[in-house]
Protein chains: 2
Amino acid sequence: MQSMVTRVSIVEDDQRIRASLSLLIESSPGFCCVGAYGTGEEALEQIPGNLPEVVLMDINLPSMSGVDCVRQLKNLLPAIQVVMLTVYNDTDLIFQALRAGASGYLLKGVKPSKILEAIEEVKHGGAPMSSYIARKVVQSFQKPQPLSQPADNLSQRERQVLDYVAQGYINKEIADALAISLETVRSHLKSIYDKLHVRSRTEAVVKHLQ
Amino acid sequence: MQSMVTRVSIVEDDQRIRASLSLLIESSPGFCCVGAYGTGEEALEQIPGNLPEVVLMDINLPSMSGVDCVRQLKNLLPAIQVVMLTVYNDTDLIFQALRAGASGYLLKGVKPSKILEAIEEVKHGGAPMSSYIARKVVQSFQKPQPLSQPADNLSQRERQVLDYVAQGYINKEIADALAISLETVRSHLKSIYDKLHVRSRTEAVVKHLQ
DNA sequence: GGGCAAATCCCCCGTACGGGGGATGGCCGC
DNA sequence: GCGGCCATCCCCCGTACGGGGGATTTGCCC
């Protein structure tokens with residue numbers, strides 16, 4: 001079983017930030033800082049020797065980047081948990097870091113208590129993320145599309161009908177589901193085809209799902 | 001500008017849970033419950049009328065599923081923020097819900113205070129997730145993802161035909177494009193419907209585009 | 001050589017679909 | 001108040017579609 005204290009290492013090139021993180025960890029009950037490194041290379045060398053459970057990793061390191069460091073670290077020690085800690089909220093960097101194996105991603109400026117919470121959370125299988133980061137991540141599952149939606153002037157009702165069509169409903173079923181007549185459904189479909197410049201339900205669905 | 005209170009609606013089929021959520025919202029300063037519905041259909045009908053900022057959505061609803069409800073709701077009201085609230089931590093459901101447009105995902109059993117925090121967080125652009133969920137989401141970036149896709153037994157020719165269907169071609173056009181007869185296209189389509197367990201080209205296309 | 005799946009083609013038949021007309025209210029904007 | 005969209009409903013008509021039969025050829029596997 002694990003010891004009662006959570007072993008943490010820090011990889012951060014700014015000496016002041018490194019020192020203050022180290023101090024934060026050391027001065028908090030239940031945490032202990034087993035290493036603080038200024039470069040990714042140094043971290044890769046030392047970390048296997050003193051096995052922290054959690055690593056706080058700056059993303060902007062000299063020479064080897066934080067992302068690369070995470071990738072190699074997770075290769076060496078798959079069980080290690082990494083929380084990125086950075087000023088950058090650049091979307092690409094977030095996904096690069098997550099793909100590389102980071103499990104958490106905090107923006108610098110969070111309260112110290114949040115950092116400690118994140119360490120505990122990541123240790124117990126969570127994925128602590130600043131809310132902005134979490135939203136970016138969730139969005140990546142949603143529509144890869146709308147930077148500027150072409151504003152397909154569909155009315156609410158038309159969207160609703162199209163939604164049913166996209167679920168494979170035939171017109172009669174849509175009519176029943178919406179408690180309107182078959183003819184009304186057909187009317188809505190005509191407007192939909194007109195507005196989307198298509199000629200069939202299949203085309204409409206494809207356009208609807210982009 | 002927005003009012004100081006956060007307007008919340010609840011979609012949850014269990015009357016007791018619905019009542020207790022409603023009570024939680026109403027009795028918390030800064031929150032107000034503008035609707036509580038037992039079915040997705042009811043929610044879709046009523047929510048556009050009283051415009052909550054945040055919707056708490058159970059995933060396991062009778063008839064229309066919570067996921068479908070989210071999909072249609074986000075279609076109608078793209079700005080609305082949805083937090084799933086469920087006992088299921090099934091990976092597929094999580095991603096289905098996120099793809100459908102949910103921005104948060106809490107497991108039932110979280111402390112009431114966490115629910116209120118989540119509502120505020122999602123309102124301000126965050127993505128509140130239980131730690132288990134967050135980890136699943138993050139993992140989906142790490143695993144070289146093509147884990148699913150069990151190769152739906154379609155033959156090469158069938159995929160080709162389905163591809164054209166998904167581009168809105170009618171059968172005659174597909175026949176011309178592939179230089180085969182209309183009847184052959186129809187034959188392939190029959191096998192496709194059979195293999196995908198669908199009854200129309202529209203359903204087939206939807207399944208094909210996941 | 002028999003079995004088998006893929007790919008090709010054919011016919012019948014009912015019906016869902018889409019295009020072309022309409023019509024009626026309701027609500028909004030100017 | 002009039003034109004505009006919206007939502008609702010109705011008719012006719014041709015055709016694309018899907019389900020139900022088939023058939024043939026090619027190639028592969030055992």
Side-chain angles (χ1 to χ4, degrees), chain A residues 149-209, chain B residues 41-51 72-73 75-79 149-209:
Chain A
Q149 45 172 281
D152 42 10
N153 324 300
L154 295 192
S155 71
Q156 280 205 352
R157 203 52 154 174
E158 287 159 357
R159 278 173 202 283
Q160 231 170 8
V161 169
L162 186 48
D163 236 38
Y164 279 108
V165 171
Q167 283 169 60
Y169 283 49
I170 64 173
N171 294 351
K172 177 67 171 60
E173 291 169 341
I174 300 173
D176 289 347
L178 294 177
I180 58 181
S181 109
L182 176 65
E183 290 301 326
T184 307
V185 174
R186 279 165 36 73
S187 281
H188 288 313
L189 275 175
K190 288 177 198 181
S191 327
I192 292 170
Y193 297 155
D194 206 41
K195 290 179 179 176
L196 297 185
H197 308 293
V198 297
R199 289 154 22 251
S200 73
R201 62 208 294 105
T202 306
E203 281 183 278
V205 164
V206 170
K207 202 155 256 193
H208 183 235
L209 305 178
Chain B
E41 288 84 351
E42 197 188 341
L44 286 176
E45 236 175 68
Q46 300 296 323
I47 285 180
N50 47 30
L51 286 180
Q72 297 197 33
L73 203 51
N75 244 324
L76 288 173
L77 309 164
Q149 289 342 313
D152 42 11
N153 328 299
L154 296 191
S155 72
Q156 280 202 345
R157 203 52 154 173
E158 285 159 357
R159 279 174 202 283
Q160 228 170 6
V161 169
L162 185 49
D163 250 19
Y164 279 108
V165 171
Q167 284 169 60
Y169 282 50
I170 65 173
N171 294 351
K172 178 68 172 59
E173 292 168 341
I174 300 174
D176 290 346
L178 295 177
I180 56 180
S181 109
L182 176 66
E183 288 302 325
T184 306
V185 174
R186 280 167 33 76
S187 281
H188 288 314
L189 275 175
K190 287 178 199 180
S191 328
I192 292 170
Y193 297 154
D194 205 40
K195 289 179 179 175
L196 297 185
H197 308 292
V198 296
R199 289 157 23 251
S200 72
R201 61 208 294 106
T202 306
E203 280 182 279
V205 165
V206 170
K207 201 156 257 192
H208 183 237
L209 306 178

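Below, read A as the first sequence line, B as the second, and so on, with proteins coming before strands; counting in each chain starts at 1.
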Inset, instruction - Answer yes or no: does a side-chain N or O of B:Arg199 lie under 4.0 Å from OP1 or OP2 of D:dG19? - result: no
Inset, instruction - Report the distance from atom CD of B:Glu203 to atom P of C:dA16, rounded to the nearest whole Å. - result: 14 Å
Legend entry - Contact summary for A:Tyr193 and A:Ala204, nearest pair of heavy atoms: CE2-CB, 4.0 Å
Legend entry - By side chain to side chain contact (heavy atoms under 4.5 Å, CB included) - contacts of B:Asn50 (at least two apart): B:Arg7, B:Ser9, B:Val34, B:Tyr37, B:Pro52
Inset, instruction - Establish whether the base of D:dC9 is bridged to the side chain of A:Ser187 by a donor-acceptor pair shorter than 3.5 Å. - result: yes
Legend entry - Heavy-atom closest contact (B:Val205 atom, B:Leu162 atom, distance): N-CD1, 4.4 Å
Inset, instruction - Grab the CG-P distance between B:Leu162 and D:dC17 for me, whole Å please. - result: 14 Å
Legend entry - Side-chain N or O of A:His188 closer than 4.0 Å to phosphate OP1/OP2 of D:dT8: yes
Inset, instruction - To the nearest 10°, let me know how far the axis at one end of the helix from C:dG1-D:dC30 to C:dG26-D:dC5 is tilted from the axis at the other, five pairs an end. - result: 40°
Legend entry - Closest-nucleotide ordering on DNA chain C, the 5'-leading residue of B:Thr184 and A:Leu182: B:Thr184
Legend entry - Donor-acceptor under 3.5 Å (A:Glu203 side chain, A:Arg199 main chain): yes
Legend entry - Approximate separation, where rounding is to 0.5 Å, of A:His188 NE2 and A:Arg157 CZ: 6.0 Å
Are any protein N/O atoms closer than 3.5 Å to N/O atoms in nucleotides 26-28 of chain D? If there are, list each pair with its distance.
none

Inset, instruction - Return the nearest nucleotide to the side chain of A:Ser200; candidates are C:dG18, D:dA7, D:dC17. - result: C:dG18
Legend entry - Between D:dA7 (P) and A:Arg159 (CZ): distance, integer Å: 11 Å
Legend entry - Any B:Arg201 side-chain N or O less than 4.0 Å from OP1/OP2 of D:dC17: yes
Legend entry - Pairwise side-chain contact, B:Val206 with B:Val198, heavy-atom cut-off 4.5 Å (strictly under): no
Inset, instruction - Would you please say whether a donor-acceptor pair under 3.5 Å links the side chains of A:Arg159 and A:Gln156? - result: no
Inset, instruction - Establish, with yes or no, whether the OP1 or OP2 oxygen of C:dG18 is under 4.0 angstrom from a side-chain nitrogen or oxygen of A:Tyr193. - result: yes
Inset, instruction - In whole angstrom, give the distance that lies between atom CG of A:Leu189 and atom P of C:dG20. - result: 15 Å
Inset, instruction - Would you give the length of the straight line joining atom CD of B:Glu41 to atom CG of B:Leu44, rounded to the nearest 0.5 angstrom? - result: 7.5 Å
What protein N or O atoms touch nucleotides 11-13 of chain D N or O atoms at under 3.5 angstrom, if any, and at what distances?
from: D:dC11; atom 1: N4; to: A:Glu183; atom 2: OE1; distance (Å): 3.4
from: D:dC12; atom 1: N4; to: A:Arg186; atom 2: NH2; distance (Å): 3.4

Inset, instruction - Return no unless some side-chain N or O of B:Ser191 is found under 4.0 Å from OP1 or OP2 of C:dA6. - result: no
Inset, instruction - Would you mind reading off the distance between B:Ile192 atom CD1 and D:dG18 atom C1', rounded to a whole angstrom? - result: 13 Å
May I have the list of side-chain donor-acceptor pairs in residues 165-182 of chain A shorter than 3.5 Å, sequence neighbours left out?
from: A:Gln167; atom 1: NE2; to: A:Asp163; atom 2: O; distance (Å): 3.4
from: A:Asn171; atom 1: OD1; to: A:Arg201; atom 2: NH1; distance (Å): 3.0
from: A:Asn171; atom 1: OD1; to: A:Arg201; atom 2: NH2; distance (Å): 3.1
from: A:Lys172; atom 1: NZ; to: A:Asp176; atom 2: OD1; distance (Å): 3.2
from: A:Lys172; atom 1: NZ; to: A:Asp176; atom 2: OD2; distance (Å): 2.9
from: A:Glu173; atom 1: OE1; to: A:Ile170; atom 2: N; distance (Å): 3.1
from: A:Ser181; atom 1: OG; to: A:Glu183; atom 2: N; distance (Å): 3.0
from: A:Ser181; atom 1: OG; to: A:Thr184; atom 2: N; distance (Å): 3.3

Inset, instruction - Give, ordered by number, those residues of residues 167-180 of chain A having at least one heavy-atom distance below 4.0 Å to an atom of DNA chain C; if nothing qualifies, reply none. - result: A:Ile170, A:Asn171
